[in-house]
Structures are given as structure tokens and as C-alpha cells.
Amino acid sequence: MKFEYFNDTGREIGIHPATREHGTQCDMSTIKHLEIRTFYLPEGTYPWVKMWDYGEDRGLSILVSPREVNE
């Protein structure tokens with residue numbers, strides 16, 4: 001499954017390392033403002049997304065984790 005995330009936050013977003021550890025494939029570099037990032041999840045899954053805001057000086061982080069459709 002392909003999932004696209006559009007960064008309209010006005011800030012850069014780091015990708016949490018567990019994104020790849022959970023089986024999602026993507027470019028793990030920082031997502032810049034107004035950039036679209038594509039995440040590839042295993043077949044039969046949908047994206048579960050969590051974002052952390054560490055404050056203006058520490059940035060944002062996103063986790064994209066696959067969940068089975070039949071959960």
C-alpha cells in the first residue's frame with residue numbers, strides 16, 4: 001500500500017526510526033515544508049500515524065506504522 005504525507009506544518013519533520021523497523025519503506029531523510037513523502041506499507045495494511053511536537057527549537061517527528069486491515 002502506498003501512503004502519501006504532505007508537510008504543511010511550516011517546519012521540517014524527522015521520521016522516527018521505528019517507521020522502518022515496523023516494516024514501512026520510505027526515504028528516511030527529513031521532510032521539508034511543502035514536500036510530499038511517500039510511504040510504502042506491506043500489503044493488507046493501512047497506515048497508523050503519530051506525530052510528536054518537541055517545540056519550535058527541537059522540531060517535529062512522525063511515525064508511520066502499518067496495521068493489519070483485520071485488526
If I take atom NZ from residue K2 and atom CZ from residue F39, how far apart are they, to the nearest 0.5 angstrom?
13.0 Å
So the salt bridge (Lys or Arg N to Asp or Glu O under 4.0 Å) pairs with at least one residue in residues 36-49 (sequence neighbours excluded) are E35-R37
Would you give the length of the straight line joining atom CH2 of W52 to atom NE2 of H16, rounded to the nearest 0.5 angstrom?
4.5 Å
So, taking the atom named NZ in K32 and the one named OG1 in T9, what distance separates them when rounded to the nearest 0.5 Å?
12.0 Å
Mind checking who shares a hydrophobic cluster with I36, ILVMFWY linked at side-chain heavy-atom distances under 4.5 Å?
F6, L34
Please answer: with hydrophobic residues joined when any side-chain heavy atoms are less than 4.5 Å apart, are V49 and I13 in the same cluster?
yes
Side-chain atoms of residues 58-66: list all donor-acceptor pairs with protein atoms under 3.5 Å, sequence neighbours left out, distances to 0.1 Å.
residue	atom	partner	partner atom	Å
S65	OG	H22	ND1	2.8
S65	OG	R67	NH1	3.1

Sequence-distant partners of D27, side chain to side chain donor-acceptor pair (under 3.5 Å), two or more places apart:
S29
Could you walk me through whether V69 and T45 pass the side chain to side chain contact (heavy atoms under 4.5 Å, CB included) test, one step at a time?
CA-CA 5 Å; V69 172; T45 65; 5.6 Å; no
Verdict with reasoning, T38 to C26, per side chain to side chain contact (heavy atoms under 4.5 Å, CB included):
CA-CA 6 Å; T38 303; C26 67; over 6 Å; no
Determine the minimum heavy-atom distance between E12 and N7, stating which atoms define it.
CA-ND2, 4.2 Å
Which pairs pass salt bridge (Lys or Arg N to Asp or Glu O under 4.0 Å) with one or both residues in residues 45-56, sequence neighbours excluded?
R11-D53, R11-E56
Any idea how Y5 and F3 line up, ring-wise: parallel (<30°), tilted (30 to 60°), or perpendicular (>60°)?
tilted
Which ILVMFWY residues can you reach from Y40 by hopping between side chains whose heavy atoms are under 4.5 Å apart?
none
